[in-house]
Every structure is written in structure tokens, then in C-alpha cells.
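Computed from heavy atoms alone, side chains included, the values below leave out hydrogens, waters and symmetry copies.
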Amino acid sequence: MQTQPQPVPPHNTTSPALSVERLSKRFGDRIAFDDVSFEVGPGEVFGFLGPNGAGKTTTVRTLGTLIAPTSGLATVAGIPLTPENGLEIRRRIAIMPESPGLYLRLSVKENLECFADLYETPKPNDRIRAALQAVNLVDRASDICGSLSKGLRQRVALARALLSDPEVLFLDEPTAGLDPAAAHEVHDLIDTLRRGGVTIFLTTHRLEEAERLCDRVAILNTTLRTIGPPKELRDRLFGKALVIRTVQPLTDPGDVLVGVPAVESWRQDEDGTYILVVSDVAAAAPAITRALVAAGADVLSISESRHSLEDVYLKLIDQDGETDPK
């Protein structure tokens, strides 16, 4: 007896766009990813980071219904991830792979017409026009794809992904191999889609890209290592610190810095530079300034030490014994 698809709920802007609970995928004895759980809110740009072989693309392929999970549960665009619901899920999502996969002898518009036909897109001419407008390619519609730069081909691929007006858009390394100007154009397009309410699941090796674009990020290395907004992850792993630079080294820095409110510890980094771990930057900075002035120090600067998302990534991957993150 053939299993019937589960009832498909209407679009709900308050429920998670993606919900993953203890999802795993194995290929024989090899674990692609294991026991992964997270939720992505509607309209969120969610970054999925990790080294090569961490399971990122396999996760995308699984949530995109291209391969079946080994265990666990998920809902995609509000629909349970089951084999019988695959068609309905695919109607609500789009996947843009790292390689555009365009027909290079066809024009931009001909490519979109071909894929609109394959997707059985309703009102294809309207959707093609809207997709071209979204990626600023209306004036290049007649250009042959083989004549376009890689950056423009990525924009065509993004237009193709938008043909179905997806609720959830999976972008797998969308700026891989692009120069800074072309990558910036893709970033602007992602910002535009975010403002339009599209949920974006972004895998990338460009950590500065994730920091700029993503509301939250997850770091995967077969298992989920951490998840949260970039600033929260930085604070969680590294705490808050102040960097003090003086013209001359302090004669007795311990006498000046020990006991200052909100200062938990300190160390001298080099002559005239001191790193202070603090519990509250707003409370510590004025108190430190007063203590330095009272000690007769010539202060060059007092600034907050800001760790990057790259610092977070490298620390977590190093803990896993990864030596060559990319």
C-alpha cells in the first residue's frame, strides 16, 4: 500500500522555517553528520560553517530532499521531511549549488525558460521577469551565458533559484571563486532577499561573509559544535577584554591594575601594551583610565579587544584536532 503524503500546512510566518531534531546521515560506516539539531526562523539568514568534509553540503542535500537522512526528524518550510512529502517541499524551497550548472550555449532568458518549464513554474514569463529584476540582469537577458563572467553566471544561477518564489533558499558557497566586487554584489542580493522575507541557509568558507550577512551561525564538524549570533559566540568563547597602550611601560602595572573595578585579570603583551580581561567593559574602562592618570601614565589608547568569527571558528576546529581549515 502506497503511503500518502502528510497534510501540508499553510504558510506560517511565526513557526520555524527549518526545524532539525537529532538528524544524522551515514554512508555505510562513514558518518557525514551526526545528531544535529537546530531551528531557523522565518526571514533569517543562517550561516552553516565548517571545514571540508564536515557535512555541510550533505546537510543541504538532505534538507533539500535530494538524499534521505539515516535518522532524526526535520521540517522544511513547515512540512515534515519524509519521502512522500518531497515534492511539496521542493515546491517551497530552492537550492543554489556552488557550481551554477547553466547551459552555456543558451542565453540568460533561455536558461530561465528551460528551468521554468522543468519546474512547471506557474506564470513563467512573470516569474522570469521578476527573477531577472531581483538580480539586476534585465538588460543582460539576451546575452549568451558562456560569454558572461563567473560573477554574472552566479547571478543567473540565483535568478534560476528564485523562479519558484521560494520560502527557503539554500545557498551553497554562493561566492566561491568570485572577486571582491562580484562577491559584494551577491551580498547585496542576499540582503535584498532577507528584506523580502526569504529564509536563507548559507554555507560558506568566507568567515567575514558569514559575519557580515548572518543573523546566526552554526559551526559543524560532523557534529554541531556551537550555534548563535556571531557576537554572542565571540563573547562566549573569549570573554571581554580591553587593550591598553601607554607611551612607556608602567613601572609597577600590578600596583595600578589590581583592584580596579570589573578587572578580572591582566597580562603584559609587549612594552607599553596590556591586555585586561574584564567582566564589564563600560564599568572597567573609566575606572582604568582614572587609575592610569593617577599613576602618571601617558595613555595612547584604551580599546575593546574584538575577536572575529574566524577566531571562534579556528578555536573550535582546533579543539577537534583540525589542522587545515578552509
Exercise. Would Asp188 and Arg195 satisfy salt bridge (charged side-chain N to carboxylate O under 4.0 Å, His left out), going step by step from the backbone distance to the final call?
Worked result: CA-CA 11 Å; Asp188 287 344; Arg195 290 193 295 271; over 6 Å; no
Measure across [X] and [Y] and return the closest heavy-atom pair with its distance rounded to 0.1 Å.
{"X": "Leu189", "Y": "Asn136", "value": "CD2-ND2, 4.4 Å"}
{"X": "Val217", "Y": "Ala210", "value": "CG1-CB, 4.2 Å"}
{"X": "Cys145", "Y": "Val156", "value": "SG-CG1, 4.3 Å"}
{"X": "Glu304", "Y": "Leu242", "value": "CA-CD2, 3.9 Å"}
{"X": "Ser164", "Y": "Ala94", "value": "OG-CB, 4.2 Å"}
{"X": "Met96", "Y": "Ala161", "value": "CB-CB, 4.4 Å"}

Problem set entry | Verdict with reasoning, Leu171 to Leu158, per side chain to side chain contact (heavy atoms under 4.5 Å, CB included) | CA-CA 9 Å; Leu171 301 179; Leu158 188 53; 3.9 Å; yes
Exercise. Parallel under 30°, tilted from 30 to 60°, perpendicular over 60°: which one fits the rings of His187 and His184?
Worked result: perpendicular
With heavy-atom distances below 4.5 Å as the criterion, would you say the side chains of [X] and [Y] are in contact?
{"X": "Leu250", "Y": "Tyr274", "result": "yes"}
{"X": "Leu63", "Y": "Leu23", "result": "yes"}
{"X": "Thr75", "Y": "Pro16", "result": "no"}
{"X": "Leu66", "Y": "Ile95", "result": "yes"}
{"X": "Leu49", "Y": "Leu309", "result": "yes"}
{"X": "Leu102", "Y": "Arg160", "result": "yes"}
{"X": "Gln154", "Y": "Pro100", "result": "yes"}
{"X": "Leu193", "Y": "Leu169", "result": "yes"}

Separation between [atom1] of [X] and [atom2] of [Y], rounded to the nearest 0.5 Å:
{"X": "Lys25", "Y": "Ile31", "atom1": "NZ", "atom2": "CD1", "result": "12.5 Å"}
{"X": "Glu167", "Y": "Thr199", "atom1": "CD", "atom2": "OG1", "result": "8.0 Å"}
{"X": "Leu202", "Y": "Ile190", "atom1": "CG", "atom2": "CD1", "result": "5.5 Å"}
{"X": "Leu163", "Y": "Glu120", "atom1": "CG", "atom2": "CD", "result": "13.5 Å"}
{"X": "Glu110", "Y": "Ile128", "atom1": "CD", "atom2": "CD1", "result": "10.5 Å"}
{"X": "Leu224", "Y": "Asn221", "atom1": "CG", "atom2": "CG", "result": "10.5 Å"}

Please check if the side chain of [X] supplies one atom and the backbone of [Y] the other of a donor-acceptor pair under 3.5 Å.
{"X": "Asp215", "Y": "Val45", "value": "yes"}
{"X": "Lys109", "Y": "Arg129", "value": "no"}
{"X": "Thr70", "Y": "Arg26", "value": "yes"}
{"X": "Arg153", "Y": "Gly146", "value": "yes"}
{"X": "Asn85", "Y": "Glu88", "value": "no"}
{"X": "Ser149", "Y": "Leu152", "value": "yes"}
{"X": "Arg225", "Y": "Ile317", "value": "no"}
{"X": "Arg127", "Y": "Leu162", "value": "yes"}
{"X": "Gln133", "Y": "Val138", "value": "no"}
{"X": "Thr203", "Y": "Glu173", "value": "yes"}

Side chains of [X] and [Y]: do they bring a donor and an acceptor to under 3.5 Å?
{"X": "Thr58", "Y": "Arg61", "answer": "no"}
{"X": "Thr65", "Y": "Arg90", "answer": "yes"}
{"X": "Asp34", "Y": "Ser24", "answer": "yes"}

Exercise. Are Val281 and Leu276 joined in one hydrophobic group, where the rule is that I, L, V, M, F, W and Y side chains link up if heavy atoms are under 4.5 Å apart?
Worked result: yes
For this session: Verify the cluster assignment for Leu81 and Phe46: are they in a single hydrophobic cluster under the rule of side-chain heavy atoms below 4.5 Å apart?
Result: yes
For this session: Tell me, please, which residues at least two apart from Leu300 pass side-chain contact (heavy atoms from CB on, under 4.5 Å).
Result: Arg245, Val247
Problem set entry | Step-by-step ring pair (Phe, Tyr, Trp, His ring centres under 6.0 Å) determination, Phe38 to Phe48 | CA-CA 11 Å; Phe38 59 83; Phe48 212 52; 5.8 Å; yes
